[in-house]
Amino acid sequence: MNLSENSFEGNIPSSMGEMKTLDLLDLSGNTFSGELPTQFLTGCFSLSFLSLSNNKLQGTIFPKYMNLTNLQWLLLDNNNFSGKIEDGLSEAKFLYFLDISNNMLSGHIPDWIGNLSDLQTLDVSKNRLLGSMTSSFNLSSAYHLYLHNNQFNGEIPSALLKSSQLVTLDLSYNNFSGSIPHWINESSSLRILLLRGNSLEGSIPRGFSNLSMIESLDLSHNKLSGQIPSQLTKLNFLSNFNVSNNNLSGPTPNAGQFANFDERNYGGNPGLCGPTIHKNCTDVLDSPTTGSSNRAEEDEFAVDMVSYNNLFGPIPSTGQFATFDETNYKANPDLCGPTIKKSCSSKLAVSLATSSGEAEEGEYAWRL
């Protein structure tokens with residue numbers, strides 16, 4: 001029965017509970033108000049699909065006397081339900097899709113939600129849920145988890161990744177802390193990872209390059225530090241990337257999909273540099289506030305650390321090396337290439353081949 005998008009108002013009639021063989025009921029997009037009648041929650045036990053979205057319903061969600069155990073789809077989003085999530089739906093073992101977002105729910109996510117073995121989509125976003133995520137969270141069939149805009153805290157638990165087929169993980173705008181867990185690197189099916197607006201610290205894992213299917217990666221508004229790993233340029237499907245408002249430093253990647261991003265993706269990180277944000281990396285490395293700390297880090301990009309050696313041969317000029325200039329290679333008289341405005345003569349090429357017999361054509365044969 002589809003009665004959606006009408007102008008019905010008032011309470012949902014308790015007489016609906018007499019429709020014991022009703023399989024589908026859609027009352028979304030009306031202005032129903034009040035609490036869900038007891039007779040409705042106990043009598044419509046054949047329902048497999050129930051949508052009450054976009055109304056003005058209120059009261060407790062999932063009271064203990066609820067008897068809708070055959071539900072597969074349940075949508076209660078955009079209402080005024082409040083209080084703790086009760087256990088009245090704990091026996092709905094066939095539940096496939098659960099959306100209780102944009103209400104005023106509080107307290108913790110109960111264990112029974114974390115143990116719904118058939119649940120593929122869970123949306124509890126835009127509520128007032130809090131606490132650390134329980135280790136018993138075991139949604140092994142989940143494809144989409146929307147937990148954003150709540151008050152969850154503590155470290156991001158590995159229990160969220162019990163599903164090997166997780167596509168969407170949205171933890172934005174909570175109070176998660178600690179470092180980004182490296183187990184996320186193993187989520188090869190992830191397409192959307194949103195960690196925006198938390199208190200995450202540490203570096204961006206280089207292992208994120210293993211997220212070969214990722215399309216959207218938002219790490220903005222955290223406390224992340226260190227450099228943006230160059231390995232992320234391997235992410236061929238990445239169309240949305242945001243690391244703004246962190247404490248990141250060093251050059252911004254500009255190869256692969258990163259050629260499509262601009263300074264808006266990196267703002268609020270004064271230590272970042274590169275053509276994308278129109279800031280010379282030499283200026284950043286030499287600045288009093290960032291130069292000494294950047295050089296102290298083990299840094300795959302800090303080519304200025306090869307100055308004052310006895311290196312020889314052509315200088316790389318592709319990828320991140322395109323962002324460097326002659327100041328990164330000073331006091332190496334036998335280096336050559338466009339970066340330092342010195343031609344690689346045929347004499348040098350012969351010397352290079354003679355001195356480095358193992359180097360094949362096209363290799364960079366630098367030597368200390």
Side-chain angles (χ1 to χ4, degrees), residues 1-129 136-146:
M1 180 185 298
N2 188 348
L3 300 175
S4 63
E5 304 297 335
N6 284 286
S7 300
F8 296 124
E9 58 185 20
N11 295 333
I12 294 176
S14 59
S15 58
M16 279 191 166
E18 299 175 8
M19 296 186 288
K20 302 185 184 306
T21 60
L22 187 64
D23 178 65
L24 182 151
L25 180 61
D26 189 347
L27 300 178
S28 62
N30 287 287
T31 53
F32 285 115
S33 58
E35 298 187 8
L36 298 178
T38 301
Q39 189 174 354
F40 173 72
L41 294 175
T42 57
C44 294
F45 49 77
S46 296
L47 280 175
S48 63
F49 180 99
L50 175 61
S51 178
L52 303 176
S53 305
N54 300 298
N55 281 284
K56 297 181 179 180
L57 297 166
Q58 60 190 48
T60 303
I61 200 169
F62 311 147
K64 294 182 179 180
Y65 54 78
M66 192 172 180
N67 190 34
L68 305 182
T69 56
N70 287 312
L71 278 174
Q72 298 179 31
W73 293 74
L74 179 59
L75 298 88
L76 303 179
D77 53 295
N78 295 292
N79 280 286
N80 297 318
F81 293 112
S82 60
K84 295 182 178 180
I85 301 174
E86 300 290 347
D87 299 332
L89 207 61
S90 60
E91 297 301 318
K93 304 300 184 183
F94 307 109
L95 202 59
Y96 172 90
F97 187 103
L98 177 60
D99 187 351
I100 54 176
S101 64
N102 202 14
N103 282 284
M104 296 181 286
L105 302 173
S106 59
H108 299 259
I109 294 182
D111 289 348
W112 65 263
I113 288 183
N115 291 315
L116 293 171
S117 59
D118 289 338
L119 194 65
Q120 296 195 7
T121 298
L122 173 64
D123 192 345
V124 298
S125 63
K126 299 181 180 179
N127 280 288
R128 301 170 184 174
L129 300 170
S136 63
F137 211 77
N138 188 29
L139 297 177
S140 57
S141 298
Y143 281 83
H144 307 284
L145 295 177
Y146 302 97

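Listed for the N103 side chain is a donor-acceptor partner under 3.5 Å among the backbone atoms of S101.
In this structure, CG in L76 is found 5.0 Å from CD1 in I61, a value given to the nearest 0.5 Å. Taken from CG in D123 to CD1 in I100, the straight-line distance is 8.5 Å, to the nearest 0.5 Å. To the nearest 0.5 Å, atom NZ of residue K56 and atom CG of residue N30 are 11.5 Å apart. The line from CZ of F81 to OG of S106 is 14.0 Å long, rounded to the nearest 0.5 Å. In this structure, CG in L52 is found 8.5 Å from OG in S28, a value given to the nearest 0.5 Å. For the atom pair CG of L25 and CZ of F49, the computed distance is 9.0 Å after rounding to the nearest 0.5 Å.
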> Which is it for L47 and N70 under the side-chain contact (heavy atoms from CB on, under 4.5 Å) test, yes or no, and what are the steps along the way?
Replying inline: CA-CA 6 Å; L47 280 175; N70 287 312; over 6 Å; no
>> Go through it in stages, so that I can follow the logic: the residues are L3 and F8, the test is side-chain contact (heavy atoms from CB on, under 4.5 Å), and I'd like the CA-CA distance, side-chain angles, deciding distance and then a yes or no.
In response: CA-CA 9 Å; L3 300 175; F8 296 124; 3.9 Å; yes
List the atom pairs, donor and acceptor, that lie under 3.5 Å between side-chain atoms in residues 11-18 and the rest of the protein, sequence neighbours left out.
none

Can I get a per-line list of side-chain donor-acceptor pairs under 3.5 Å for residues 39-46, giving both atom names and the distance, sequence neighbours left out?
{"unit_1": "T42", "atom_1": "OG1", "unit_2": "T38", "atom_2": "O", "d": "2.9"}
{"unit_1": "T42", "atom_1": "OG1", "unit_2": "Q39", "atom_2": "O", "d": "3.4"}
{"unit_1": "S46", "atom_1": "OG", "unit_2": "K20", "atom_2": "O", "d": "2.6"}

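Pairs passing the ring pair (Phe, Tyr, Trp, His ring centres under 6.0 Å) check and including a residue from residues 107-127, sequence neighbours excluded, read F62-W112.
A search for side-chain hydrogen bond (donor to acceptor under 3.5 Å, both in side chains) contacts involving S141 returns nothing, not counting sequence neighbours. For S4, the side-chain hydrogen bond (donor to acceptor under 3.5 Å, both in side chains) partners at least two apart in sequence or on another chain are N2. Contacts of E9 classified as side-chain contact (heavy atoms from CB on, under 4.5 Å), with partners at least two apart in sequence or in another chain: T31. Taking T121 as the reference, F97, H144, Y146 meet the side-chain contact (heavy atoms from CB on, under 4.5 Å) condition, with sequence neighbours excluded. Here N78 pairs with N54, N102 under the side-chain contact (heavy atoms from CB on, under 4.5 Å) rule; sequence neighbours left out. Contacts of Q120 classified as side-chain hydrogen bond (donor to acceptor under 3.5 Å, both in side chains), with partners at least two apart in sequence or in another chain: Y96. With sequence neighbours excluded, the residues that form a side-chain hydrogen bond (donor to acceptor under 3.5 Å, both in side chains) with D77 are S53. Under the side-chain contact (heavy atoms from CB on, under 4.5 Å) criterion, E91 pairs with T69, K93, sequence neighbours left out.
Proximity of L89 to M66: side-chain heavy atoms (C-beta onward) are separated by under 4.5 Å at one or more points. Side-chain contact check for D118 versus L95: every heavy-atom pair is 4.5 Å or farther apart. In this structure the side chain of V124 never reaches within 4.5 angstrom of the side chain of L105, judged on heavy atoms.
Closest of all the heavy-atom pairs between T60 and K84 is CG2-O, 4.3 Å. When every heavy atom of L116 is checked against every heavy atom of A92, the shortest pair comes out as CD2-O, 3.6 Å.
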